[in-house]
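What you see below is based on every heavy atom in this structure, not just the backbone, and it leaves out hydrogens, waters and symmetry mates. A, B, ... follow the sequence lines: proteins, then strands. Residue 1 opens every chain.
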Amino acid sequence: MPLIRVLADMERVGVRLNQEDLKAISTSLREDIISLETEIFNLAGTEFNISSPKQLGDILFIRLKLDDKARVTKTKQFNTSEEILQRLAGRHPIIDKVLEYRGLKKLLSTYVEALPQLVDRKTGRIHTSYNQAVASTGRLSSNNPNLQNIPVRDERGREIRKAFVPEEGNIFLSADYSQIELRLMAHLSGDRNMMDDFLSGNDIHAATASKIFGVEIKDVTREMRSRAKTANFGIIYGISSFGLSERLTIGRKEAKDLIDGYFKSYPGVKKYMDESIRKARDLGYVTTMLGRRRYLRDILSRNQVVRGNAERNAINAPIQGTAADIIKIAMVKIYGKLKNDRYNSKMILQVHDELIFEVVPEELEKLREMAVYEMTNAIKLDVPLKVDWGTGRNWLEAH
DNA sequence: AACCTCACG
DNA sequence: ACGTACGTGAGGTTC
């Protein structure tokens, strides 16, 4: 069965949205937004459109003179992104209010107000579209609406995720790959140390911290683990000392030392990354484990910014793309079994490393075992794949 | 339509 | 001297 039919079926089935929940969220968001508006206008001493980066920039950096060396965007406007504002937070009480306003407004306009309008009249459910041919790495994308970016990180946003629910009597099952991209880095690079970290079943970020900071795993602090985690992510994306220093708010030198330490701990990873770039130069493309190609026309560019971008793509695409290939294999296999064994439960959503099923309770045990098995064994690697799962009466709870 | 900002993995 | 971590989609503002 080709993937496109699996996706078509998932789109057709859709997912239920509890509109009463959303109404309540809407009311409370609106109230908070209005009072934040008032506070912001008072602090600014004038009314303006807080949603306009241009007007906000003028207020913060000219009227209130909060310029932190006034960073600017392409078009020479003041940069008012969250990242910049965070750094100014201590300087004036308006900053926190603006950040909070922005967050709540985002939830309201992008989700709470938009989603109910996309509930299908006939089915009473939300039906996304999955695209197979948009993302250059081979990932799926989802639009109209995008159900791959439903909030989960903040408390307020999580309320929205709770509004995604199964039919009366059914339950959600969520199954997701644990650290699939880092596992792929371990496999593809063949780095003995990283492979051993996964084979021993240790917490990978703690294991990385232990190596780069030179302490026993048991002596790894939260801060060390958090930095190691950032470094691990950075590695997958084709790290630079600048990028890492920005994210950790540390100096360039310190970031460089950290990266050097990383590559000393995982020398195979460094070798693999260099090899990926060399391959891209030779062939003009890189491939995933399953042979999907990403062409990199800029890999020989004389412009180092453009070339650097292509080099990071050469590192990242085989990793992200292989992860995408793997979950697609699992989806096709799982879908085949759902059909063949006449399940009444349905696979309804895919979010890159996660599959969500709407399950009739009698089938839960069997389906959970089957789905986790198919995901875990979709491909044979030199390190184990791990799949976590959960169930619940809404999407958040299933996590 | 371009830009800025921000939601997710 | 430059600009700098991967991949998406969507809403609001501005031109």
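- A:Tyr343 carries A:Lys366 over the face of its six-membered ring, with the cationic atom under 6.0 Å from the centre and within 45° of the normal.
- In this structure, A:Arg247 atom CZ and C:dG3 atom C1' are separated by 13 Å, rounded to whole Å.
- Salt-bridge annotation for A:Arg278 and A:Glu275: present, with a side-chain N of the basic residue lying under 4.0 Å from a carboxylate O of the acidic one.
- Using a 4.0 Å heavy-atom distance criterion, A:Ser129 is classed as making no nucleic acid contact.
- At the heavy-atom level, A:Ser241 lies nowhere under 4.0 Å from the strands shown.
- Using a cutoff of 4.0 Å between basic side-chain nitrogens and carboxylate oxygens, A:Arg5 and A:Asp9 are not scored as salt-bridged.
- Here CG of A:Leu56 is found 6.5 Å from CG of A:Leu85. Values are rounded to the nearest 0.5 Å.
- Between the C1' atoms of B:dA7 and C:dC2, the separation comes to 31 Å (whole Å).
- The CG-P distance, from A:Leu349 to B:dG9, rounds to 13 Å in whole Å.
- If you check every strand for non-hydrogen atoms under 4.0 Å, A:Asn309 touches sugar and phosphate atoms only.
- Contact annotation for A:Ile236: no contact, since no heavy-atom pair falls under 4.0 Å across all strands.
- Once rounded to the nearest 0.5 Å, the distance linking CG of A:Leu43 with OG1 of A:Thr46 reads 12.5 Å.
- Below the 3.5 angstrom threshold, one finds no donor paired with an acceptor across the side chain of A:Glu82 and the base of B:dC6.
- Side chain of A:Arg139, nearest nucleotide from C:dA5, B:dG9, C:dT4: B:dG9.
- Between A:Phe164 and A:Trp395, the ring planes lie perpendicular to each other; the angle is over 60°, past the 30° to 60° tilted range.
- Within the nucleic acid shown, A:Arg307 has no heavy atom closer than 4.0 Å to any nucleic acid atom.
- Contact between the side-chain N/O atoms of A:Arg153 and the OP1/OP2 oxygens of B:dC8 is found at a separation under 4.0 Å.
- Contact annotation for A:Gly308: no contact, since no heavy-atom pair falls under 4.0 Å across all strands.
- The gap from the P atom of B:dT5 to that of C:dT4 amounts to 14 Å, rounded to the nearest Å.
- Here B:dC8 presents its P atom at 13 Å from CG of A:Leu115, a figure rounded to the nearest Å.
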For nucleotides 8-15 of chain C, give me one character per nucleotide, 5' to 3': B if any protein heavy atom sits under 4.0 Å from the base, S if the only such contacts are to the sugar-phosphate, - if neither. SBSSSSSS

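- A:Ser28 OG to A:Leu108 CG: the interatomic distance, rounded to the nearest 0.5 Å, is 9.5 Å.
- Taking NZ of A:Lys256 as the reference point, atom OG of A:Ser241 lies at 7.5 Å (rounded to 0.5 Å).
- With rounding to whole Å, A:Asp154 atom CG is found 10 Å from B:dA7 atom C1'.
- The separation between A:Phe233 atom CZ and C:dG7 atom P is 15 Å, rounded to whole Å.
- Between the CE atom of A:Met273 and the P atom of C:dA5 there is a distance of 14 Å, given to the nearest Å.
- Across all strands shown, C:dC2 remains unpaired; no Watson-Crick or G-U wobble contact has both distances below 3.5 Å.
- Between the base of C:dC2 and the side chain of A:Gln304 there is a donor-acceptor pair shorter than 3.5 Å.
- Residue A:Ser240 places no side-chain N or O under 4.0 Å from the OP1 or OP2 atom of C:dG3.
- Rounded to an integer number of Å, the gap from A:Glu311 CD to C:dG3 P is 17 Å.
- Protein atom CD of A:Glu83 is 11 Å distant from nucleotide atom P of B:dT5, rounded to whole Å.
- Comparing the same atom, P, in C:dG3 and in B:dC3 gives a spacing of 16 Å after rounding to whole Å.
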